[in-house]
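Just so it is clear, the model here is predicted, and its values are computed rather than measured. Here is how names work: the chains are called A, B, and so on, in the same order as the sequence lines, proteins then strands, and each is numbered from 1. All heavy atoms count here, side chains included; hydrogens, waters and symmetry mates do not.
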There are 2 protein chains.
Amino acid sequence: MNLSDFLLTLIPFTPAELQDISSHFKKENIPKNTLLIEHRQISKKLYFIEKGMGRSYYLKEDGKEVTQWFFGVGKFMSSVDSFFQQSPSLYFLETLEDSIVYSISNERMDLLFSKYHKMEQLGRLVSIEMLTKVVNKLNAIQFQTARERYDYMLAEFPDISYRVPLGHIASYLGMTQETLSRIRRG
Amino acid sequence: MNLSDFLLTLIPFTPAELQDISSHFKKENIPKNTLLIEHRQISKKLYFIEKGMGRSYYLKEDGKEVTQWFFGVGKFMSSVDSFFQQSPSLYFLETLEDSIVYSISNERMDLLFSKYHKMEQLGRLVSIEMLTKVVNKLNAIQFQTARERYDYMLAEFPDISYRVPLGHIASYLGMTQETLSRIRRG
DNA sequence: GGTTTCTTTTGACCTATATCAAAAACGGTT
DNA sequence: AACCGTTTTTGATATAGGTCAAAAGAAACC
């Protein structure tokens, strides 16, 4: 899904607005397994995924990676707090497949927010959508058994779940990869 | 903290704007343990808490209440998805103390959003703040031991943690009240 | 102030999931 | 197609935290 089409699904931008907004994004091809943000860096860019996918994760003290979120086609990908509050990121962000993204800097994003009331509205809508998704995951993690969490995953990211290594999914769901493997078996 | 003061901490509204915006909110006194939203209802109002506190929770199939979030002074309280997307609420919302709140309907909120670009911006900032808080909780729940989660709670809601029943806190942290009791002991 | 009801603590036992270790399967490369 | 590194599966064992039950402590109410 390309950026303009996505924007139109949420807000009725005029062709001129759409043109201007799009011009602030830069289309980029990013190979698989590219690090976009590292821990402690301040996130400079927000990415809209036209094709491919990514994930955010962090490193525990023992060195284990823990997937925090998956980002699929038609979503914005970033280390949210770092990008919007220009604070050091707790997370790493990486692509998991060769991807086509539209990137935009924090400065340009703020510019668009102040230039277009509609853009601000889009920001609010996207934030709330993300918020409700995170809340859903929280509920899954907090109250469900490992098997139920896996079912939640299949519902939330049906396409992603078989495209990425088992270990990424297991840590995303707050379980070990051995446990996930046993669950999958049946 | 009253509403106008709070609004000014985020956005430099003019006195006239502040006056107009405030006029759409209604100040209400709500007694302790009042249900503001029930499961399956569509949330009609958003509340800003001037004094007191509340929580959202839901009922598991076995009838147990699970606290989903605590709302303290100077925060907006609602069943987010239900209010903003006018969908049936998954949660119950209740006051835990006698409270003074400013309430506003979904229609009036939308009106303010479209009338004031600044208000839309406020909505975005508040959403993102909430999003980062929920993400923090998610991390606590997903990767930390029961004891560490309790420490997270003390940091996030220092004042709240000794004002509400143990059971509310335990379920908020994804553990049983027996476990929390044992942790507190030492 | 004594009774009822709700909340917290304590104890004994159990289970889902973690950990550790090794084998098997898979994927990319020459 | 044989090799090497990565990912997944399997098995044995350990443990954090859950469950159930009952006692102790607080709070609410007449």
Side-chain angles (χ1 to χ4, degrees), chain A residues 31-35 53 55 57 59-67 70 92 94-98 137-154 157 160-186, chain B residues 31-35 53 55 57 59-67 70 92 94-98 137-154 157 160-186:
Chain A
K32 184 172 175 170
N33 297 327
T34 306
L35 266 186
M53 58 177 303
R55 68 161 182 153
Y57 67 94
L59 285 179
K60 292 207 286 185
E61 311 80 58
D62 62 7
K64 283 189 187 149
E65 293 181 359
V66 176
T67 299
F70 291 109
F92 294 77
E94 70 174 7
T95 49
L96 294 173
E97 297 182 347
D98 293 342
K137 180 185 170 187
L138 183 56
N139 293 336
I141 295 274
Q142 188 166 2
F143 316 120
Q144 298 180 222
T145 62
R147 152 151 270 118
E148 288 168 330
R149 274 177 271 157
Y150 182 59
D151 293 340
Y152 145 81
M153 168 87 196
L154 290 178
F157 299 107
I160 289 181
S161 25
Y162 63 88
R163 281 200 273 161
V164 305
L166 186 87
H168 289 2
I169 297 177
S171 70
Y172 173 82
L173 293 176
M175 66 184 79
T176 60
Q177 81 178 342
E178 292 93 328
T179 296
L180 181 54
S181 173
R182 284 183 247 262
I183 284 171
R184 264 194 182 170
R185 185 180 43 186
Chain B
K32 185 173 175 170
N33 296 327
T34 306
L35 266 185
M53 58 176 303
R55 67 160 183 154
Y57 67 95
L59 286 178
K60 292 208 287 184
E61 312 80 56
D62 62 7
K64 283 188 187 149
E65 292 181 1
V66 176
T67 299
F70 291 108
F92 293 78
E94 69 174 8
T95 49
L96 294 172
E97 297 182 348
D98 293 342
K137 180 184 169 186
L138 182 55
N139 293 336
I141 294 276
Q142 190 168 0
F143 316 121
Q144 298 182 221
T145 61
R147 152 154 271 118
E148 289 168 329
R149 275 177 269 156
Y150 182 60
D151 293 339
Y152 146 82
M153 168 86 197
L154 290 179
F157 298 107
I160 289 182
S161 26
Y162 63 90
R163 283 200 272 160
V164 305
L166 185 89
H168 289 1
I169 296 175
S171 69
Y172 173 83
L173 293 175
M175 66 185 76
T176 61
Q177 80 177 342
E178 292 93 328
T179 296
L180 182 52
S181 173
R182 285 184 247 261
I183 284 171
R184 263 194 183 170
R185 184 179 45 187

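Pairing each heavy atom of B:Ile141 with each of B:Gly174, the nearest pair is CD1-N, 4.2 Å. Minimum heavy-atom separation, A:Ile169 to A:Val164: CG1-CG2, 3.4 Å.
Rounded to whole angstrom, the span from the CZ atom of A:Arg163 across to the C1' atom of C:dC26 amounts to 20 Å. The CG atom of A:Leu180 sits 13 Å away from the P atom of D:dT10 (whole-angstrom rounding). Here the P atom of nucleotide D:dG17 and the CD atom of A:Gln142 are 14 Å apart, to the nearest Å. If you measure from atom CG of B:Asn33 to atom C1' of C:dC6, you get 12 Å, rounded to the nearest angstrom. Rounded to an integer number of Å, the gap from A:Leu166 CG to C:dG27 C1' is 16 Å. Between B:Gln177 atom CD and D:dA21 atom C1' there is a gap of 13 Å when expressed in whole angstrom units. Between the CZ atom of A:Arg147 and the P atom of C:dT15 there is a distance of 18 Å, rounded to whole Å. Spacing between atom NE2 of A:His168 and atom C1' of D:dT6 amounts to 12 Å, rounded to whole angstrom units.
Annotation: cation-pi pair B:Lys137/B:Tyr172 present, NZ/CZ under 6.0 Å from the ring centroid and within 45° of its normal.
Of the candidates C:dC20, C:dT8, C:dT17, the closest approach to any side-chain atom of A:Glu178 belongs to C:dC20. Taking the side chain of B:Arg185 as heavy atoms from C-beta on, and the options C:dT17, D:dA12, C:dT10, the nearest nucleotide is C:dT10. The side chain of B:Ser181 sits closest to C:dT8 out of C:dT17, C:dT8, D:dG18. Comparing D:dT19, D:dT10, D:dG17 by their closest approach to the side chain of B:Lys64 singles out D:dT19. Side chain of A:Thr145, nearest nucleotide from D:dT9, C:dT17, C:dT19: C:dT17.
Counting distance only, with no hydrogens placed and no angle test, the side-chain atoms of B:Arg182 and the base atoms of D:dG18 include no donor-acceptor pair under 3.5 Å. Judged by distance alone, with hydrogens and angles left aside, A:Arg184 brings no side-chain donor or acceptor close enough to the base of D:dT7 to form a pair under 3.5 Å.
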Run the side chain to side chain contact (heavy atoms under 4.5 Å, CB included) check on A:Met53 and A:Phe157 step by step: do they pass? CA-CA 11 Å; A:Met53 58 177 303; A:Phe157 299 107; over 6 Å; no
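Look at A:Thr176 and you'll find a side-chain N or O under 4.0 angstrom from OP1 or OP2 of C:dA18.
Between A:Glu65 and A:Arg55 there is a salt bridge, with a side-chain nitrogen of the basic residue lying less than 4.0 Å from a carboxylate oxygen of the acidic one.
Taking for each of B:Lys32 and B:Gln144 the nucleotide of DNA chain D with the nearest heavy atom, the 5'-most of the two is the partner of B:Gln144.
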